[in-house]
Amino acid sequence: MADVKYTPMKNNPNFMVNNTKKQEEIKFTIEISKNKSYDSEYVEIIPAKSPQFSNIAVIFAGDVHDGAVGTNAVKDEKTLEFVRKTANCIYVPGGDVFNSVISPDQDRHADKYGLQHAIDKKHYQFEKILDKIPFVIDGNHDGQNGNRWVASGMSPAKHLADSLNITHIKYGALLQLTLPSSDYKREPKTINLFMFHCAGKTSGTAKSVDNTFKMAMAQLQALKIVPDAIFGGHFHSNSNGLFP
């Protein structure tokens with residue numbers, strides 16, 4: 001990896017990031033997206049390394065739905081406080097940071113205090129841990145009128161990321177994190193962390209997660225990349241931020 005140029009992450013100098021993408025990977029990904037046997041689901045590859053830490057805590061916060069009636073604000077605050085106090089920690093907003101309502105009759109997604117209030121709140125919260133957030137992933141509730149992405153680019157998640165100078169990921173992300181070994185040999189090891197939300201286009205939450213996962217994995221398989229860990233959002237359970 002000597003020929004790869006790493007620069008400090010723009011909002012976290014403890015992590016070095018390769019901001020240049022290999023042209024052959026880009027070309028190959030474009031070909032995949034044109035192939036009818038694949039979906040246009042795009043996984044952005046983010047090579048990064050840290051000479052500071054041999055181990056790291058990764059917090060994937062999917063489906064906070066800030067602004068929804070069911071949002072667990074206390075749990076969200078405690079999570080962010082843990083991230084702030086933990087030195088070797090990465091916090092990834094994993095989609096549906098906000099609650100751009102798809103349908104008013106969905107009580108669990110009913111609006112509580114308005115999208116602009118939620119944007120201002122998240123801006124204030126994320127400013128405190130700005131050095132811990134490598135990127136923000138879009139969710140199906142993060143776009144205009146409940147669409148993950150529209151031609152006008154009216155995505156509150158993208159707006160928030162841009163205002164804080166954080167990278168915005170439209171679909172999925174593969175974080176290739178290289179850390180020095182904790183053993184006496186001190187040989188670096190790269191771990192592949194695949195993070196995604198979901199398209200939110202198919203009926204049935206679990207089914208839509210499965211479909212999106214298969215689409216993204218098809219691309220990774222074509223690139224001969226096997227993730228070491230997978231973080232997924234969209235599927236609500238008692239373990240996430242939406243329901244206490």
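Because the structure is a prediction, the values reported are computed rather than measured. Only heavy atoms go into these numbers, but all of them, side chains included; no hydrogens, no water, no symmetry mates.
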Trainee: Test Val92 against Ile137 for side chain to side chain contact (heavy atoms under 4.5 Å, CB included), laying out the working first.
Mentor: CA-CA 8 Å; Val92 176; Ile137 296 176; 4.1 Å; yes
Trainee: Tell me whether Gln221 at atom CD has more than 12 heavy atoms from other residues, nucleotides or ligands lying less than 6.0 Å away.
Mentor: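 Count not over threshold, so no.
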Trainee: Closer than 4.0 angstrom, basic N to acidic O: yes or no for Asp66 and Lys121?
Mentor: yes
Trainee: Quick test of your reading of the model: are Glu81 and Arg84 salt-bridged, counting only N-O distances below 4.0 Å?
Mentor: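 So Glu81 pairs with Arg84 through a salt bridge.
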Trainee: Any luck finding a side-chain donor-acceptor pair between Asp162 and His168 under 3.5 Å?
Mentor: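 No, His168 and Asp162 have no side-chain donor paired with an acceptor closer than 3.5 Å.
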Trainee: Would His197 and Asp138 satisfy side-chain hydrogen bond (donor to acceptor under 3.5 Å, both in side chains), going step by step from the backbone distance to the final call?
Mentor: CA-CA 7 Å; His197 188 73; Asp138 238 353; over 6 Å; no
Trainee: Applying side-chain contact (heavy atoms from CB on, under 4.5 Å), name anything that partners Asp120, two or more places apart in sequence or on another chain.
Mentor: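 Once residues adjacent in sequence are excluded, the partners of Asp120 under the side-chain contact (heavy atoms from CB on, under 4.5 Å) criterion are Gln116.
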Trainee: Could you work out, with side chain to side chain donor-acceptor pair (under 3.5 Å) as the rule, every residue matching Gln125, not counting sequence neighbours?
Mentor: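 Partners of Gln125 under the side chain to side chain donor-acceptor pair (under 3.5 Å) test: Glu77, Lys122.
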Trainee: So, Gln219 side chain and Val43 main chain: donor-acceptor pair closer than 3.5 Å or not?
Mentor: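 Yes, Gln219 side chain to Val43 backbone: donor-acceptor pair under 3.5 Å.
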Trainee: Just by distance, do the side chain of Lys170 and the backbone of Glu44 share a donor-acceptor pair under 3.5 Å?
Mentor: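 Not confirmed, Lys170 side chain does not pair with Glu44 backbone.
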Trainee: Could you tell me if the side chain of Leu193 sits less than 4.5 Å from the side chain of Leu174, heavy atoms only?
Mentor: no
Trainee: Can you list everything that forms a side chain to side chain donor-acceptor pair (under 3.5 Å) with Lys224? Sequence neighbours excluded, please.
Mentor: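 Once residues adjacent in sequence are excluded, Lys224 has no partner under the side chain to side chain donor-acceptor pair (under 3.5 Å) criterion.
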Trainee: Would you check if the side chain of Asp228 reaches a backbone N or O of Asn192 as a donor-acceptor pair within less than 3.5 Å?
Mentor: yes
